[in-house]
Amino acid sequence: AEQGGDSPALVDSLLAIGDTYRAQALLPADPNSSESSLGLLPLSSAMYRRALEILERQDPPDAARQGRAYVSLGDLYMLWGRRKTAELAYGRAWETLADPALGATRDEYFAAPVRLMGPEPPRLYPRSVATRPPRDQGTLLPGTVSVRYGVDALGKAVDVTLLESDPPGLVDDAVLAAVRGALFRPRYADGAAVPAAGIVYQHAFRYRESELKPKPVATPDAGPIAPPDAAPLPPPPPAESATDPAADPGTLPAPPAGS
């Protein structure tokens, strides 16, 4: 067995350190620090590559861990904005996991898009509730928002549509914005990135009942109301007599008798 820096026993630790650097790089920037968190991305890459160097020298090869390392490297490069390099890493992972015995592992990575980063929709409404101690939060009720979307071959969300929300209007826009702003590992088929459609995401949150706006009370329609200074309408003219010749100018009066 190899010892020291080339020991396969180091692989899991290297992958975990790479994951940690990558997660820290995604944290909001510290306003009091002059260092950019993006500087952690090269360190993450170095950990993954070192793990792969060890795995590629291992005999017999450990295809499952190799595939995991390539997927992690691909995810890193997606976050880094280096899509072509990410595609190469994902392609190597697909080939490494080609053994039918590893089919379930490959499906776990590639059968459906996997969210890598993006804004988080609120879990509490209003957001100020989260800053209060539990005893001051009041009664919180469960709510849900359901969204349908697709993911293109570049890992971007497309065709984002609101399906339903209960109660409506509280966090709908925030959930839609979170889905639209997310980055995904795309679905893969035959070793290539392909679009995925019809994905349904349901977001659960809690809200304070007092935030619900009461619905307006419907009132019967009494018709138009005349202005207070409007003059009354004149009464209708009296009905015309049916025997009055003037009532029908197209009919001549009968001649007098004996004429």
Side-chain angles (χ1 to χ4, degrees), residues 8 11-26 41-42 44-58 60-121 146-161 163 175 178-203:
V11 169
D12 289 340
S13 295
L14 290 169
L15 294 177
I17 294 171
D19 291 345
T20 300
Y21 281 141
R22 188 180 70 191
Q24 290 178 342
L26 298 178
L41 294 178
S44 177
S45 174
M47 296 298 104
Y48 294 144
R49 290 183 179 280
R50 179 62 182 143
L52 281 167
E53 289 175 2
I54 296 173
L55 289 168
E56 287 169 358
R57 287 197 294 266
Q58 189 175 352
D62 188 337
R65 288 205 291 177
Q66 272 187 296
R68 188 265 203 238
Y70 278 123
V71 169
S72 298
L73 197 59
D75 290 347
L76 171 68
Y77 283 116
M78 285 289 287
L79 299 171
W80 209 341
R82 300 182 178 182
R83 187 174 59 83
K84 291 295 184 182
T85 309
E87 288 179 357
L88 293 174
Y90 289 147
R92 292 294 301 273
W94 181 275
E95 294 170 359
T96 302
L97 299 171
D99 188 334
L102 297 174
T105 301
R106 188 163 73 174
D107 286 347
E108 179 183 348
Y109 293 137
F110 296 118
V114 176
R115 182 181 180 277
L116 299 177
M117 65 171 291
E120 291 288 344
S146 297
V147 176
R148 183 176 58 232
Y149 65 98
V151 175
D152 65 16
L154 302 180
K156 298 179 180 179
V158 295
D159 301 327
V160 182
T161 305
L163 295 179
V175 174
V179 174
R180 291 188 180 107
L183 178 67
F184 297 82
R185 179 197 310 150
R187 183 171 77 92
Y188 267 67
D190 297 327
V194 295
I199 304 168
V200 176
Y201 165 64
Q202 185 175 77
H203 175 71

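Because the structure is predicted, anything quoted here is derived from the model rather than measured.
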Taking the side chain as every heavy atom from C-beta outward, state whether [X] and [Y] have any pair of such atoms under 4.5 Å apart.
X	Y	answer
Gln58	Val11	no
Val151	Arg187	no
Trp80	Ser44	no
Ile54	Arg50	yes

Centroid-centroid under 6.0 Å between Tyr109 and Tyr70 rings: no
Does this structure show an ion pair linking [X] with [Y], if we count only N-O contacts that are shorter than 4.0 Å?
X	Y	result
Asp62	Arg68	no
Arg65	Asp12	yes
Arg83	Glu87	yes

Nearest 0.5 angstrom please: [X] [atom1] to [Y] [atom2], how far?
X	Y	atom1	atom2	result
Leu55	Leu15	CG	CG	7.0 Å
Leu116	Arg22	CG	CZ	7.5 Å
Arg148	Leu163	CZ	CG	5.0 Å
Glu120	His203	CD	NE2	8.5 Å
Leu76	Met78	CG	CE	11.5 Å
Ser72	Leu14	OG	CG	12.0 Å

Check [X] against [Y] and note the closest heavy-atom contact, atom names and distance.
X	Y	result
Ala98	Arg106	CA-NH1, 3.6 Å
Pro119	Gly181	CD-O, 3.7 Å
Thr96	Leu102	O-CD1, 4.3 Å
Pro186	Ala193	CG-CB, 3.9 Å
Ala157	Phe184	CB-CE1, 4.1 Å
Ile199	Pro113	CD1-CG, 3.8 Å

Check: Ala111 main-chain N/O paired with Asp107 side-chain donor or acceptor under 3.5 Å: no
Tyr90 and Phe110 aromatic ring geometry - parallel, tilted or perpendicular at 30°/60° bounds: perpendicular
Greater than 12 external heavy atoms within 6.0 Å of Arg180's CZ: yes
OH/Tyr21: more than 12 non-hydrogen atoms of other groups inside 6.0 Å: no
Working for side chain to side chain contact (heavy atoms under 4.5 Å, CB included), residues Val71 and Arg185: CA-CA 9 Å; Val71 169; Arg185 179 197 310 150; 3.5 Å; yes
Polar side chain donor-acceptor pair, Ser45 to Tyr77, under 3.5 angstrom: yes
